[in-house]
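The block underneath contains the structure these notes are about, expressed in structure tokens.
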Number of protein chains: 2
Amino acid sequence: MTEVAKYVGVSAMTVSRAFRQDASVSEETRKRIMDAVDALGYVLDQSAGSLSSRRTGFIAALVPSINNSNFSDTARGITDALDNTGLQLLLGYTDYSTEREEQLIESMLRRRPEGIILTGGSHTQRARRMLENAAIPVVETWEIPERPINHVVGFSNSEAMSLLVRELAGKGYRRFGYIGGTTARDTRGSQRRSGFLKTVEELGLGVGRLISFGVPPISMEQGAQAIISMLERWPDTEVVLCVSDLSAFGAIMECRRRGMRVPEDIAIAGFGDYEISSICHPRITTINVDCYGIGKQAAARLLDALQTGDAVRNEITLTSYKVVLREST
Amino acid sequence: MTEVAKYVGVSAMTVSRAFRQDASVSEETRKRIMDAVDALGYVLDQSAGSLSSRRTGFIAALVPSINNSNFSDTARGITDALDNTGLQLLLGYTDYSTEREEQLIESMLRRRPEGIILTGGSHTQRARRMLENAAIPVVETWEIPERPINHVVGFSNSEAMSLLVRELAGKGYRRFGYIGGTTARDTRGSQRRSGFLKTVEELGLGVGRLISFGVPPISMEQGAQAIISMLERWPDTEVVLCVSDLSAFGAIMECRRRGMRVPEDIAIAGFGDYEISSICHPRITTINVDCYGIGKQAAARLLDALQTGDAVRNEITLTSYKVVLREST
DNA sequence: CTGTTAGCGCCTTCAG
DNA sequence: CTGAAGGCGCTAACAG
């Protein structure tokens, strides 16, 4: 920057000001400076700037998996909301592990983000402590934690699944099955499962039939495997709900490959309303979740908090979800 | 940090050293420092550190779209390769726009990344200049640019598509169609298309039948729309190649919905070997690309360059691809 | 509108 | 193995 300043014959401070839109620099000086910047190929050093201004311009966000389009939609919602705010997203994926989340939180906090967006409400003790110490707004997303850290933007996975069960029971289905991953690591999956079990029981439909198939991230292939187990163990199952559309898709394709008709021989539903579910044949009944909106609103809550100096704490923003009945049930 | 130093009764410098594994600090002192760090909930400020050490610990990577599993696999390859190197990924998505890429490159360079990974070889003039000025290793991926900036990790999209055409011609198909997006923004798509056209002509199969359907990112839905146009315009088409598996999937599902048999009535193939293609029914013929490996190797090239002080320049690393023949053709 | 001074929090370098 | 001095490149705060 000193170089640019010398080149133009002004002080470094004036060059610094020329880069800020709100700063008072005469148009002529700014033009001369910008020409010099161009000629010298100078690029502002933000790490030095943020040390001085105490504003890094970073927002950190952690998602379980970047290969899952639900979460990448949320990430896109965040980046879109951050557009033109001068804030940049520092993205990490936890791989559904709270230990990895803890590590990531630490390495993120070293960059001094101005706010942080997390997925879910399960964190290690140390992660919680670090977040509290950081004294930055925190937004937990995608579920309603029992003990929120700060802001929450999400919905009840359990109630959403419950709603789907009720809708399908209303269509006359009675023998319900559920396909999901091992729940220890995936709290949202576990909430969906408990919503399923509770509602099946409440409706007097007997005991829900459960097939678990390994740790998240859940794949289409695992859905295919799981439906095989389901049919072996409980051949008279009428409808199977899956923890996500991806496993539902795998299950449906496997059924068709075996010559079964969906939904005539077995009905199958998913969760998440991935693009695939509205395209594949048969189209998949699912719960539409506002993934993009979760990201957008989480970022908006963060921006609010940054502007107001975090006056509004512990606000819970509920995002919408709805049952989408399609051909697969 | 001063606070921790006071708390323990050592100098700030010793605290700083305690954080580095290679630094010489007595085990006892380090333990006392780390206990204090824990008690005070202190987290190292890396932005200050990097200003001083001239090492930010950032690697920047730009991908066209984060919602596309091919590219998110590449991103995962990069993060995995960066694991335990102390380097952190700064990820951005260009939305297939070189203008947006230019903006992103600038905002990334302000963070002083130690290296940068790009997708493709098309960049604005100014982007190229900024990259050259930055004097950091650059890796272009996913294709073989005509005029590489520095390192390249990719493959010829044109030759890969050509290979697929030859394989299918070998199976007896003659009337070839192609479904892709408008090519202006997507250079890989455009290379695939030209590989298709060239090869169909070389094999004496007449003129390839082209349907274009809007700007990337290409969706499953667009694939479904495109196959309708294809069948209206050239009803006797025998086999349709698609710019990606996603559009191929949409096309196949649309055909099945219309009661057409795939591949008996029409054969359809994709590109990219997304998970969906090995799961859906019928399974989709495609080109398997080593997406994850592209990311992993790109990061490896960068790490090499950083270690050797960038001795090896302009190295081209070819990544593998292979035709995967499945039920859809 | 522009310049000067000081310092952000850490690490490099040099001493001890 | 530990400490002290100085500075990384920028911007806040104040002055003019």
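Since the structure is predicted, the reported quantities are computational estimates derived from the model, not experimental observations. Throughout, a chain's letter reflects where its sequence line sits, starting with A, and its residues are numbered from 1.
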>> Suppose we screen for side chain to side chain donor-acceptor pair (under 3.5 Å). Which residues come up paired with A/T124, at least two apart in sequence or across chains?
In response: A/E102
>> Going by the rule side chain to side chain donor-acceptor pair (under 3.5 Å), which residues pair with A/K31 if we only count those two or more places apart in sequence or in a different chain?
In response: A/D35
> How many Å lie between CZ on B/R32 and P on D/dC1, as a whole number?
Replying inline: 15 Å
I'd like a table of donor-acceptor pairs (distance under 3.5 Å, sequence neighbours excluded) in which one partner is a side-chain atom from residues 129-139 of chain A, with atom names and distances.
{"unit_1": "A/N133", "atom_1": "ND2", "unit_2": "A/R129", "atom_2": "O", "d": "3.3"}

> Between atom CD1 in A/I33 and atom P in C/dC1, what is the gap in whole Å?
Replying inline: 13 Å
> Within less than 4.0 Å of OP1 or OP2 of D/dG3, is there a side-chain N or O belonging to B/T14?
Replying inline: yes
Write down the protein N/O and nucleotide N/O pairs, taken from nucleotides 8-10 of chain D, whose separation is under 3.5 Å; answer none if there are no such pairs.
{"unit_1": "D/dC8", "atom_1": "O3'", "unit_2": "B/R54", "atom_2": "NH1", "d": "3.0"}
{"unit_1": "D/dC8", "atom_1": "O2", "unit_2": "B/S52", "atom_2": "N", "d": "3.4"}
{"unit_1": "D/dG9", "atom_1": "OP1", "unit_2": "B/R54", "atom_2": "NH1", "d": "3.4"}
{"unit_1": "D/dG9", "atom_1": "OP1", "unit_2": "B/R54", "atom_2": "NH2", "d": "3.1"}
{"unit_1": "D/dG9", "atom_1": "N2", "unit_2": "A/A48", "atom_2": "O", "d": "3.2"}
{"unit_1": "D/dC10", "atom_1": "OP1", "unit_2": "A/Y42", "atom_2": "OH", "d": "2.1"}
{"unit_1": "D/dC10", "atom_1": "OP1", "unit_2": "A/D45", "atom_2": "N", "d": "3.4"}
{"unit_1": "D/dC10", "atom_1": "OP2", "unit_2": "A/M1", "atom_2": "N", "d": "3.0"}
{"unit_1": "D/dC10", "atom_1": "O2", "unit_2": "A/S52", "atom_2": "OG", "d": "3.4"}

> B/R30 CZ to D/dT2 P: how many Å, rounded?
Replying inline: 10 Å
>> Rounded to whole Å, please give me the gap between CD in B/E28 and P in D/dC1.
In response: 12 Å
> Is B/T29 near enough to D/dT2 that one of its side-chain N or O atoms lies under 4.0 angstrom from OP1 or OP2?
Replying inline: yes
> Is a side-chain donor or acceptor of B/T141 paired with a backbone partner of B/V153 at a separation under 3.5 angstrom?
Replying inline: no
>> Could you work out, with side-chain contact (heavy atoms from CB on, under 4.5 Å) as the rule, every residue matching A/R54, not counting sequence neighbours?
In response: none
>> I'd like to know if B/R112 and A/D45 make a salt bridge, using a cut-off of under 4.0 Å between side-chain N and carboxylate O.
In response: yes
> Roughly, in whole Å, what's the span from CZ in B/F19 to P in C/dG9?
Replying inline: 15 Å
> Any side-chain N or O of B/R20 less than 4.0 Å from the OP1 or OP2 oxygen of C/dT12?
Replying inline: yes
> Is a side-chain N or O of A/S47 found less than 3.5 angstrom from the main chain of B/S47, in a donor-acceptor match?
Replying inline: no
> So does B/E27 pair up with B/R30, basic N to acidic O under 4.0 Å?
Replying inline: yes
Under 3.5 Å, which N/O atoms of the protein pair with N/O atoms of nucleotides 13-16 of chain D?
none

> OP1, OP2 of D/dT2 versus side-chain N and O of B/S24: anything below 4.0 Å?
Replying inline: no
> Within 45° of the six-membered ring axis of A/Y96 and under 6.0 Å from that ring's centre, is NZ or CZ of A/R188 located there?
Replying inline: no
